[in-house]
Chemist: 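Dumping the structure here so I can ask a few things about it.
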Amino acid sequence: MATKITVIGAGSVGAAVTNDIMVQGIASEVVLIDINKEKAFGEALDVYQGVPFCSPATIHSGDYADAAGSDIVIITSGVPRKPGQTRLELAQTNVDILKQITPQIVQAAPDAIYIIVSNPVDILTYVFTRISGIPESHIIGSGTVLDTSRLQSELARRFRISPKNVHAHVYGEHGDSSFVPWSLAMIANNHIADYKLRIAADKPLLWNDDYEEVEQFVRTSGAQVIKAKGATFYAVAISVCHICKCILNGAGTALTVSSMMHGEYGVEDVCLSTLALVGKNGLHTKIVTPLNEEETRKMQTSAKKLREIIDGLDI
């Protein structure tokens, strides 16, 4: 079945997403759109010239009208985060860019499922939800999908186990107020606090109840990459492609994506990440697994932080 994906933004993230879509054979057509048309053309051509080694696909640059018929639209446009800058400090600049993009892309692709990737992703997901007219179920912020991948890979290293056997997630803001609901964290079907007691390990596990240390690692990973190389884009692109595959395979996959909250955990009128089922019609439903009292407080604190930013924006 032919699948069309439009990527808006030909910067490092947009280009990496376009390349990964092609390499993984996710779509039969990819349109890359950017205000810098020459940059979009160059990135699309560069990716397309590798197609003979991948699944057949067309990769090309275009205008908003070329997004017509897209199954998925991925928005990566915006000013990238600088070293030492928080995601939230980008807010108004990237909101203004999103406000310019939204009416043009929605007119061209009103039935697409939208994935918001630009930072601050929770703020931009909220703004897009409020101004686009697109049904909420068709709007998915990439949220803490990448944070969760960072968490699971680090726990897998420490527990000397496949990441596929790690079931732990990052909730809240994609940023400094994110948190891990450790009460729900499982390693190979055992709660994380009990796993060491249930196995005879041939090598010592690299885990000594390092909850805060691991959370801090997850929160600061993006900033460490930016400090070291100037930008993050490879892992972001892989996580976005994973969301695309979960949408297109239609099976219903639990992901920590950002979406509008309607009273879950006492949170209203902000977008942040909790577990939700993602499938062929977008976001099917949130999975409202009970949190303990401290985790619920952290969720509400994260929401309050985002709400304060939203209240100061010109939307």
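Count residues from 1 along the sequence.
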Chemist: Short question: side chain of Asp122, backbone of His174 - any donor-acceptor pair under 3.5 Å?
Modeler: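 Yes, the answer is positive, given that a donor and an acceptor are paired below the 3.5 Å cut-off.
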Chemist: Taking atom types as modelled and ignoring hydrogens, do the side chains of Glu295 and Ser183 form a donor-acceptor contact shorter than 3.5 angstrom?
Modeler: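 The criterion, which ignores hydrogens and geometry beyond distance, is satisfied for Ser183 and Glu295.
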Chemist: Less than 4.0 angstrom from a charged side-chain N to a carboxylate O is my criterion; do Glu293 and Arg297 meet it?
Modeler: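 Looking at Glu293 and Arg297, the cut-off is not met.
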Chemist: Any side-chain donor paired with an acceptor under 3.5 Å for Asp269 and Tyr126?
Modeler: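 On atom types as modelled, these side chains qualify, holding a pair under 3.5 Å.
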Chemist: Identify whether the distance between the nearest side-chain nitrogen and carboxylate oxygen of Asp71 and Lys280 falls below 4.0 Å.
Modeler: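 So Asp71 does not pair with Lys280 through a salt bridge.
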Chemist: Less than 4.5 Å apart, side chain to side chain, heavy atoms only: is that true for Leu283 and Glu136?
Modeler: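 Result no, sub-4.5 Å side-chain heavy-atom pair not found.
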Chemist: Strictly by modelled atom types, are Thr256 and Thr144 linked by a side-chain donor-acceptor pair under 3.5 Å?
Modeler: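 Indeed, the side chains of Thr256 and Thr144 share at least one donor-acceptor pair under 3.5 Å.
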Chemist: Between the main-chain N or O of Glu29 and the side-chain N or O of Thr58, is there a donor-acceptor pair closer than 3.5 Å?
Modeler: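 Side chain of Thr58 to backbone of Glu29, a donor-acceptor pair under 3.5 Å: no, none is there.
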Chemist: Indicate yes or no: does Glu173 engage Arg219 in a salt bridge with an N to O separation below 4.0 Å.
Modeler: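 Looking at Arg219 together with Glu173, the answer is no, because their closest N to O distance does not fall below 4.0 Å.
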Chemist: Output the distance between atom OG (Ser132) and atom OH (Tyr114), rounded to the nearest 0.5 Å.
Modeler: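 Reported to 0.5 Å precision, the distance equals 7.5 Å.
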Chemist: Does Glu43 come within less than 4.0 Å of Lys39, counting only side-chain N to carboxylate O?
Modeler: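 Between Lys39 and Glu43 there is a salt bridge, with a charged N closer than 4.0 Å to a carboxylate O.
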Chemist: Is a donor from one side chain sitting under 3.5 angstrom from an acceptor on the other, for Gln92 and Asp96?
Modeler: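 Short answer, yes.
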Chemist: Does the distance from a Lys or Arg side-chain N to an Asp or Glu carboxylate O, for Lys305 and Glu308, drop under 4.0 Å?
Modeler: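 Salt bridge: no.
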